[in-house]
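Protein chains get the first letters and strands the later ones, always in sequence-line order, with residue 1 at the start of each.
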Number of protein chains: 2
Amino acid sequence: MPRPRSLTPDRIASAALAVIDRDGLAGFTMRAVAAELSMSAMALYRYVDDREELERLIVERVLGGIDVTPPDPRLPWVERITILVQRMRTVVAAHPAVASLVPVHRHRSHAVLRWSEAVLGLLTEGGLAGERRVVALRGLLSYLLGAIQLEHLGPLTGPGTAALAELPSDRFPYLAETARSARQVGPDAEFDGGLALLLRGLTAP
Amino acid sequence: MPRPRSLTPDRIASAALAVIDRDGLAGFTMRAVAAELSMSAMALYRYVDDREELERLIVERVLGGIDVTPPDPRLPWVERITILVQRMRTVVAAHPAVASLVPVHRHRSHAVLRWSEAVLGLLTEGGLAGERRVVALRGLLSYLLGAIQLEHLGPLTGPGTAALAELPSDRFPYLAETARSARQVGPDAEFDGGLALLLRGLTAP
DNA sequence: GGCTGTAAGCGTACGTTGTAAACCTACGTG
DNA sequence: CACGTAGGTTTACAACGTACGCTTACAGCC
């Protein structure tokens, strides 16, 4: 019988995401999100316990965009896993500033569960089970989240590389040389290359 | 001719680390660190531009503890890399709460440079060069930082696993089963297992 | 259609944070 | 001993998350 709710969790998450995309993580403030919704700051608290829950909503909204429909089953299972991993990277890349929120809230995310379930299915199809399968899933997730983080927090490829290339080459000969090679490797190639290493380790005899 | 400085960057970082170890990241406050040094909050700013620089000092102090002396050269190069990676994990594990600061400040850390140089040397010894070597270094760092993060932010192994095991097994059959296997895998085995995958990918034909 | 109870939404306020500015003060050098 | 520099303190402010209490709009009943 009371007044009906005017917001959905999804609408709130969208508003918060709009703020973050526009003003970065530093601009993400309860007041700013409320303003984006044309509300007072305190009205937000009718929908959310605290800032942390709002962050969870955001992460869930971003990761919820992952397409977990199984890739073409005619592809080798390793390639299908590659696709699933790339899909997760893609949705986060659409909102780079949330990259650092993901690891914090991942373990409460339903989207991550669905994604993990899909990956586990493919790992199983690849003949993995038991503890080896646990290690594989966890390894993929670690690499994925680590790579996303590094990518959006001061990339090796990119402007940082320039500084690296000017390192005193007597004390850091390898780094100086590597920085030169790094210029040839774009972010996608870098990510896919690392992922391929992991997956090759999975299938090697 | 003026009054001498009474603090070293290292002493400041130690105080901050003491605060973090005692009260967690949330307790890490300019005022708290200053109090730890028996100073007023503003006195800190004679030594540090802002909070961010203090965070950098902390990360540098933690990562500075890495032992980068080359492991026994009689070991295969893959094992020597394993040792270097584990050493990085070890120093962060000693101060779990700083885990989330590391990725943010890594690219300005001299300690990371030294570590990277050592790893690159071993990769080179393993016959890697050019873009393959770039991808390898970056892959190792991504996995390492991702794994550290996951480990200290809601582990798969650990209490989280219990919740996972009780998932509706009709919708998450693999996850439910995997959660049971996960109980057998300790954090060290999990980390080392994932790392081994990556390195095997590096040496596979 | 008016009345009413519930929950939506708002205004105000408090404690805490990072840090700017102005001030006082201890010390090495002349 | 005086002086100037830089160390340290005090005070202050804007912005943050959020507790509390009030007002107000609506769905269901008479």
Side-chain angles (χ1 to χ4, degrees), chain A residues 1-61 97-98 100-102 104-105 108 153, chain B residues 1-61 97-98 100-102 104-105 108 153:
Chain A
M1 46 179 88
R3 191 168 164 182
R5 307 200 119 214
S6 64
L7 295 178
T8 63
D10 201 76
R11 170 129 177 62
I12 297 174
S14 298
L17 216 42
V19 170
I20 292 179
D21 287 342
R22 182 170 7 96
D23 305 326
L25 244 201
F28 165 50
T29 283
M30 299 302 277
R31 284 170 169 88
V33 174
E36 184 78 19
L37 292 162
S38 311
M39 290 182 133
S40 86
M42 291 313 293
L44 254 187
Y45 286 86
R46 292 279 168 190
Y47 297 88
V48 147
D49 271 356
D50 50 18
R51 181 190 163 108
E52 192 184 316
E53 189 180 335
L54 180 48
E55 289 181 2
R56 256 205 311 272
L57 246 44
I58 297 168
V59 170
E60 192 62 18
R61 150 91 199 213
V98 310
S100 50
L101 291 183
V102 173
V104 181
H105 298 287
R108 282 202 183 78
L153 242 63
Chain B
M1 44 178 89
R3 195 167 159 182
R5 288 176 95 75
S6 64
L7 295 178
T8 64
D10 200 76
R11 172 130 175 61
I12 296 174
S14 297
L17 217 42
V19 170
I20 291 180
D21 287 341
R22 181 170 6 98
D23 305 326
L25 244 200
F28 165 50
T29 282
M30 298 303 278
R31 284 172 170 85
V33 174
E36 184 79 19
L37 292 162
S38 308
M39 289 181 134
S40 86
M42 290 313 292
L44 256 185
Y45 286 86
R46 292 278 168 190
Y47 297 88
V48 148
D49 269 357
D50 50 19
R51 182 191 162 106
E52 194 184 315
E53 188 181 334
L54 179 48
E55 289 181 3
R56 255 204 312 272
L57 247 44
I58 296 169
V59 170
E60 193 61 19
R61 151 93 200 212
V98 308
S100 49
L101 291 183
V102 174
V104 181
H105 298 287
R108 282 203 183 78
L153 242 62

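The minimum heavy-atom distance linking A13(B) with R61(B) is given by the pair CB-CB, 3.7 Å. Between A41(A) and A34(A) the shortest heavy-atom distance is CA-CB, 3.5 Å. Closest heavy-atom contact between F28(A) and V19(A): CA-CG1, 4.1 Å.
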Under 3.5 Å, N/O pairs linking protein and nucleotides 4-7 of chain C:
{"unit_1": "dG5(C)", "atom_1": "N2", "unit_2": "M1(A)", "atom_2": "O", "d": "3.3"}

Could I get a table of every N or O pair under 3.5 Å where one atom is in the protein and the other is in nucleotides 12-14 of chain D?
none

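The separation between L7(B) atom CG and dT9(D) atom C1' is 15 Å, rounded to whole Å. To the nearest angstrom, C1' of dT18(D) lies 14 Å from CD of E52(A). Here the P atom of nucleotide dA15(D) and the CZ atom of F28(A) are 18 Å apart, to the nearest Å. For the pair L54(B) CG and dT17(C) P, the computed distance is 14 Å after rounding to whole Å. Atom P of nucleotide dC10(C) and atom CG of L44(A) are separated by 10 Å, given to the nearest angstrom. Summarising the geometry, the separation between CE on M39(A) and C1' on dT24(D) is reported as 14 Å, rounded to the nearest angstrom. Atom CG in L37(B) sits roughly 10 Å away from atom P in dG8(D) (whole-Å rounding).
In this structure, the side chain of Y47(A) does not engage the main chain of L54(A) through any donor-acceptor pair within 3.5 Å. A side-chain donor-acceptor contact under 3.5 Å links R5(A) to the backbone of R46(A). Between the side chain of D23(B) and the main chain of A26(B), no donor-acceptor pair closer than 3.5 Å is present.
Exactly one residue among R22(B), R31(B), R11(B) makes a salt bridge (Lys or Arg N to Asp or Glu O under 4.0 Å) with E36(B). That residue is R22(B).
A heavy-atom distance below 4.5 Å is found between the side chains of S6(A) and M39(A).
In this view, D21(A) and H95(A) satisfy the side-chain hydrogen bond (donor to acceptor under 3.5 Å, both in side chains) rule, not counting sequence neighbours.
With dG18(C), dT18(D), dT9(D) as the choices, the nucleotide that has an atom nearest any side-chain atom of Y45(B) turns out to be dG18(C).
Comparing M30(B) and S38(A) against DNA chain C, the residue whose closest nucleotide sits nearer the 5' end is S38(A).
A close approach under 4.0 Å does occur between a side-chain nitrogen or oxygen of Y47(A) and OP1 or OP2 of dG9(C). Between T29(A) and dA15(D) there is no side-chain polar atom (N or O) within less than 4.0 angstrom of OP1 or OP2.
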